[in-house]
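One structure below.
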Amino acid sequence: MAETTLPDGPRQYLRVFRHHVREPISDAQARVAREREEIAAERSAFEAFRTAVADLRPVTASPSNRQRSVVSLDSQPDQVERLCETFESTVMGVPHYEAVYDESLSEHMLAELGDPAAAVVDSPTNTITPQQRSALLTAIDRAIDDRTAYADVLAEEATALATADSAIKEIVEGLDDVLIQDWYKAEFEARLDEIIRDRQSVVHGRISPSPIDGRSLCVHLYADQPWTFPVLTAVARLHDAVVVE
């Protein structure tokens, strides 16, 4: 029976039922999309900061200290302060910074760049040596690479969610009632099992470049939801809602 031939009451019930089943996946897709936007913004911010660090140039040593070589932003003596300002306007300037991190400049710089950042911030001369610049560039490259790899993981998650949603949508759109015939039970459950197997293969087969594995990724992404695994939740909702005649 096509939905368009149903009275308003049953038709509305089917719409609510289908939305209820697919809601965890649609919410997960929105969350992943937001995370991808944030990671892309952070990667661009680090790239801009890297450009500023890479543009540092040596300053001619003073006659009394020719053995010491330093690097300066536009040959100004307050280069550490200016570098921190650049970090604040780029890396800390992403729209979601306060909502996600909300750390002080020194806390965030140390968390992202480690010892190289600490050496620069604690410089008693407010100058940056070539060795410090090199270490900073290495740390920045690592931050960029981490976000590039994480972006790939998120892209995989987005594809997996879309695949699962398509499979579940096909099932629920094919139902004109939550009552199914006994002859369809085996096929119905087999289709749900296939969706679960495919999803578990993605989650358990995911090898993340960071400490976040497949399960931990779900815990991280969906921490603000009442569920941790959106596809399994959608399948469970569908299974529990259907009654076999």
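- Annotation: side chain of Val121 is in contact with side chain of Met109 (closest heavy-atom distance under 4.5 Å).
- Looking at Gln132, its side chain does come within 3.5 Å of a backbone N or O of Thr129 through a donor-acceptor pair.
- Residues Leu179 make up the rest of the hydrophobic cluster containing Val243, defined by ILVMFWY side-chain heavy atoms closer than 4.5 Å, directly or through other members.
- Note that CZ of Arg31 and CG of Asp224 are 6.5 Å apart. Values are rounded to the nearest 0.5 Å.
- For the pair Leu238 and Val172, the tightest heavy-atom approach, listed with the atom from each and the gap, is CD1-CG1, 3.7 Å.
- Inter-residue side-chain proximity for Leu154 and Leu221 is flagged as met; some heavy-atom pair is nearer than 4.5 Å.
- Asp145 places none of its side-chain heavy atoms less than 4.5 Å from the side chain of Tyr150.
- Arg133 places no side-chain N or O within 3.5 Å of a backbone atom of Ile128 that could act as its donor or acceptor partner.
- Contact annotation: the side chain of Arg215 never approaches that of His204 to less than 4.5 Å [non-hydrogen atoms, C-beta and beyond].
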Practice problem: For the pair Val242 and Leu175, evaluate side-chain contact (heavy atoms from CB on, under 4.5 Å) and give the outcome as yes or no after the intermediate values. | Solution: CA-CA 10 Å; Val242 168; Leu175 297 175; 4.2 Å; yes
Quiz item: Would Glu112 and Phe46 satisfy side-chain contact (heavy atoms from CB on, under 4.5 Å), going step by step from the backbone distance to the final call?
Solution: CA-CA 10 Å; Glu112 291 288 356; Phe46 271 107; 3.8 Å; yes
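- No chain of hydrophobic side-chain contacts below 4.5 Å, direct or via other Ile, Leu, Val, Met, Phe, Trp or Tyr residues, connects Val231 to Val219.
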Practice problem: List the steps and the verdict of side-chain contact (heavy atoms from CB on, under 4.5 Å) for Trp227 and Asp27. | Solution: CA-CA 11 Å; Trp227 38 259; Asp27 287 349; 4.0 Å; yes
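- Note on ring orientation: taking the six-membered ring where Trp is involved, the planes of Phe188 and Tyr184 are tilted (angle from 30° to 60°).
- Rounded to the nearest 0.5 angstrom, Glu38 CD and Arg43 CZ are separated by 14.0 Å.
- Remark: Ile144 CD1 to Leu137 CG distance equals 9.5 Å, nearest 0.5 Å.
- In the hydrophobic clustering of ILVMFWY residues, with side-chain heavy atoms under 4.5 Å counting as a link, Leu105 and Leu110 come out apart.
- Side-chain atoms of Arg197 and Gln200 include no donor-acceptor pair closer than 3.5 Å.
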Quiz prompt | Worked check of side chain to side chain donor-acceptor pair (under 3.5 Å) between Ser134 and Gln131 | solution = CA-CA 5 Å; Ser134 177; Gln131 292 76 18; over 6 Å; no
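- Between Phe87 and Phe49, the two ring planes are perpendicular [angle over 60°; tilted spans 30° to 60°].
- The CG atom of Leu136 sits 6.5 Å away from the CG atom of Leu83 when rounded to the nearest 0.5 Å.
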Quiz item: Should Trp183 and Val244 be marked as a side-chain contact (heavy atoms from CB on, under 4.5 Å) after you check the CA-CA gap, both sets of side-chain angles, and the distance that decides it?
Solution: CA-CA 9 Å; Trp183 62 264; Val244 179; over 6 Å; no
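- For Asp115, the CG atom counts as loosely surrounded, since its 6.0 Å shell holds 12 or fewer non-hydrogen atoms of other residues, nucleotides or ligands.
- Between the CD1 atom of Ile171 and the CZ atom of Arg18 there is a distance of 12.5 Å, given to the nearest 0.5 Å.
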Name every donor-acceptor pair, under 3.5 Å, that has one atom in a side chain of residues 161-168 and the other anywhere in the protein, sequence neighbours excluded.
unit_1 : atom_1 : unit_2 : atom_2 : d
Thr163 : OG1    : Thr159 : O      : 3.0
Asp165 : OD1    : Arg22  : NE     : 3.0
Asp165 : OD2    : Arg22  : NH2    : 2.9

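- When atom types are taken as modelled, the side chain of Arg50 and the backbone of Ile140 share no donor-acceptor pair closer than 3.5 angstrom.
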Practice problem: For salt bridge (Lys or Arg N to Asp or Glu O under 4.0 Å), just list the numbers for Arg199 and Glu157, CA-CA rounded to whole Å, side-chain angles, deciding distance to a tenth of an Å, and then say yes or no. | Solution: CA-CA 10 Å; Arg199 177 57 176 172; Glu157 176 72 352; 2.8 Å; yes
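- For Ala41 against Val94, the heavy-atom pair with the smallest separation is O-CG1, 3.7 Å.
- Among residues at least two apart or in separate chains, side chain to side chain donor-acceptor pair (under 3.5 Å) pairs with a member in residues 87-100 are Glu42-His96.
- To the nearest 0.5 angstrom, Met92 atom CE is 9.0 Å from Glu107 atom CD.
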